[in-house]
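Just below is one structure, and these are the notes that go with it.
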Amino acid sequence: MQMKRIPIVILVACAAFFLPRAALAHAHLLSSTPAASATVHGPSVAIELRFNSRVDGHHSVLSLVTSDGSVALTIDNQSAENNLNAHATLKAGSYTLRWQALAPDGHITRGEIPFSVR
Ligand SMILES: [Cu+2]
């Protein structure tokens, strides 16, 4: 029951994205570590996403996607109120960091950052 309600919430959030006024308050990704398409040294990888607005570290979601599936990351204490932080121990390979950020206005934004570890 609970699982089926989540996609509806996301749809509503996406619809609100197209309202210009609301869009100003959304959390848009400004930059990240690793950067998109970057190759970083492992095995210890620090992850930081920097947004244009505050994000709720307790209700945002980070996961790592590989060919083997997807693993949820624990979100660390935020280095700044606009940032989401995590860390992972990764072997060499290709990864996609999938993020879902909750802004203070209740709207959710999502995206993916592909990167490689060598
Ligand atoms: Cu918004």
Side-chain angles (χ1 to χ4, degrees):
M1 305 286 182
Q2 189 68 18
M3 292 294 289
K4 295 203 168 185
R5 296 180 58 177
I6 293 171
I8 295 171
V9 171
I10 292 170
L11 280 176
V12 170
C14 290
F17 181 84
F18 295 101
L19 299 173
R21 189 177 60 84
L24 291 174
H26 279 65
H28 293 288
L29 185 69
L30 297 179
S31 62
S32 66
T33 303
S37 302
T39 298
V40 298
H41 287 279
S44 179
V45 177
I47 293 167
E48 182 173 274
L49 306 187
R50 295 173 287 271
F51 296 88
N52 67 328
S53 79
R54 286 192 290 128
V55 285
D56 183 337
H58 297 289
H59 296 97
S60 295
V61 181
L62 297 178
S63 59
L64 272 180
V65 183
T66 68
S67 53
D68 294 332
S70 152
V71 178
L73 293 175
T74 299
I75 296 181
D76 296 334
N77 289 333
Q78 292 170 267
S79 59
E81 62 182 6
N82 286 18
N83 296 351
L84 292 177
N85 299 82
H87 62 277
T89 302
L90 304 175
K91 59 185 180 183
S94 297
Y95 298 85
T96 297
L97 176 63
R98 188 173 284 167
W99 60 267
Q100 175 179 305
L102 176 65
D105 67 356
H107 294 154
I108 295 167
T109 49
R110 296 189 294 178
E112 293 186 342
I113 301 165
F115 67 95
S116 298
V117 174
R118 69 177 174 193

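Each ligand, and each atom within it, is numbered from 1 in the order the structure gives.
- Atom CZ of Arg54 has 12 or fewer neighbouring heavy atoms from other residues, nucleotides or ligands inside a 6.0 Å radius.
- Per residue His26, closest N, O or S atom to the Cu ion (ligand 1): atom name ND1.
- Its N, O or S atom nearest to the Cu ion (ligand 1) is what matters here, and for Asp105 that atom is OD2.
- By the 4.5 Å heavy-atom criterion applied to side chains, Leu90 and Val40 are not counted as neighbours.
- Checked against the Cu ion (ligand 1), the N, O or S atom of His107 at the shortest distance is ND1.
- Counting heavy atoms from C-beta on, the side chains of Trp99 and Thr109 come closer than 4.5 Å.
- Side-chain atoms of Gln78 and Asn85 form no donor-acceptor pair, as typed in the model, at a separation below 3.5 Å.
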